[in-house]
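Presented below is the structure to which this report refers.
Since we're looking at a predicted model, the values are computed, not measured. When reading the values below, keep in mind they use all heavy atoms of this one structure, side chains included, and skip hydrogens, waters and symmetry mates.
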Amino acid sequence: MIQGIQITKTTNADLLNSIWMIDEANNQARCLAAASGYEADQVVALAELGEYESRTVNIQGAEPVREGGQHLNVNVLNRETLVRIMEARERVEAGDASNDDLEVISDNAQLTIRVSGYAVRFNALTLEQQKDVITRTFTQSL
């Protein structure tokens, strides 16, 4: 069973008034709020809290949540992929396309990227927009 507590007395100043979910079955504590020293969602061994006095607090949804990953949007790209698509499109628009260029465009027709919070197919962008995306997304250093 998971129990919510607020630490009311301790020798560790970082723990004073902090709020935790205590999971005695797994000998762990999850920080919900602390002024300093601990971050939200940080999990520590119960022993790390040391000796303390606490009061019980009602924690809504204190049971562990299992996230199902119903929506997952992962983009793993490299600069070269986008440049290859853009250059193939340039050659198609100039009338100098090879079969390889047409294949690159066809193979990546559904490639979707995020631009300003919206999802858009990379091929639907103008060449200028594609260059801008590549420039802004892939940098050598900050």
Side-chain angles (χ1 to χ4, degrees), residues 1-94 97-142:
M1 179 175 141
I2 296 178
Q3 175 187 18
I5 65 163
Q6 179 179 18
I7 296 179
T8 56
K9 189 174 183 183
T10 179
T11 57
N12 183 343
D14 288 337
L15 290 173
L16 189 60
N17 295 318
S18 60
I19 299 174
W20 295 82
M21 284 187 348
I22 305 298
D23 182 356
E24 290 182 353
N26 292 314
N27 202 30
Q28 293 179 334
R30 178 180 302 270
C31 179
L32 297 180
S36 63
Y38 295 91
E39 295 182 21
D41 283 336
Q42 180 178 354
V43 177
V44 299
L46 275 177
E48 187 174 323
L49 299 181
E51 291 187 31
Y52 61 86
E53 291 181 18
S54 66
R55 69 179 186 91
T56 302
V57 293
N58 186 18
I59 305 291
Q60 293 292 328
E63 294 302 317
V65 175
R66 303 225 188 267
E67 296 181 18
Q70 297 171 1
H71 178 78
L72 182 63
N73 184 4
V74 177
N75 290 323
V76 180
L77 294 174
N78 57 32
R79 177 180 172 80
E80 292 73 27
T81 300
L82 294 181
V83 169
R84 190 174 67 246
I85 296 167
M86 184 187 65
E87 289 173 346
R89 180 172 171 189
E90 283 178 319
R91 287 188 291 272
V92 167
E93 289 183 6
S98 67
N99 286 339
D100 289 338
D101 291 330
L102 297 174
E103 188 175 323
V104 165
I105 291 172
S106 175
D107 289 347
N108 293 286
Q110 298 298 318
L111 177 66
T112 303
I113 62 169
R114 303 269 304 165
V115 177
S116 299
Y118 295 96
V120 64
R121 287 194 182 108
F122 187 71
N123 285 339
L125 299 173
T126 65
L127 286 171
E128 185 178 329
Q129 290 169 330
Q130 288 178 349
K131 289 176 185 176
D132 193 44
V133 166
I134 292 169
T135 301
R136 291 174 183 241
T137 305
F138 299 101
T139 59
Q140 296 298 320
S141 64
L142 292 176

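Residues Asp23 and Arg30 are not in side-chain contact: their nearest non-hydrogen atoms beyond the backbone lie 4.5 Å or more apart. Leu111 is listed as a side-chain neighbour of Leu82, based on a closest heavy-atom distance under 4.5 Å. Residues Ile85 and Phe122 are in side-chain contact: their nearest non-hydrogen atoms beyond the backbone lie under 4.5 Å apart. Trp20 places a side-chain heavy atom less than 4.5 Å from the side chain of Leu15. Counting heavy atoms from C-beta on, the side chains of Leu49 and Ile22 come closer than 4.5 Å.
Listed for the Asp101 side chain is a donor-acceptor partner under 3.5 Å among the backbone atoms of Ser98. The closest donor-acceptor contact from the side chain of Thr8 to the backbone of Gln6 lies at 3.5 Å or more, if one exists at all. Under a 3.5 Å cut-off, the side chain of Gln42 and the backbone N or O of Glu39 do form a donor-acceptor pair.
The distance from atom CD1 of Ile134 to atom CD of Gln129, rounded to the nearest 0.5 Å, is 12.0 Å. Atom CD1 of Ile5 and atom CZ of Arg55 lie 10.5 Å apart (nearest 0.5 Å). Atom-to-atom distance recorded for Leu127:CG and Asp132:CG is 12.5 Å, nearest 0.5 angstrom. To the nearest 0.5 Å, atom OG1 of residue Thr11 and atom CG of residue Asp14 are 11.0 Å apart.
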*asked:* Evaluate Lys131 against Glu90 for side chain to side chain contact (heavy atoms under 4.5 Å, CB included), listing each step before the verdict.
replied: CA-CA 11 Å; Lys131 289 176 185 176; Glu90 283 178 319; 3.4 Å; yes

*side chain to side chain donor-acceptor pair (under 3.5 Å) between Asn78 and Thr81: does it pass, once the steps are laid out?*
CA-CA 6 Å; Asn78 57 32; Thr81 300; 2.7 Å; yes

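Across all non-hydrogen atoms, the minimal contact from Asn123 to Ala109 is ND2-CA, 3.4 Å. Shortest non-hydrogen contact noted between Leu125 and Ile113 is CD1-CD1, 3.8 Å. Nearest heavy-atom pair across Tyr38 and Cys31 is CB-SG, 3.9 Å. Pairing each heavy atom of Val92 with each of Ala97, the nearest pair is CG2-CB, 3.5 Å. Between Glu51 and Thr10, the shortest heavy-atom contact is O-OG1, 3.5 Å.
Around the CG atom of Asn27, the shell of radius 6.0 Å holds more than 12 heavy atoms that belong to other residues, nucleotides or ligands.
With respect to the salt-bridge test (charged N to carboxylate O, under 4.0 angstrom), the residues Glu93 and Arg89 qualify.
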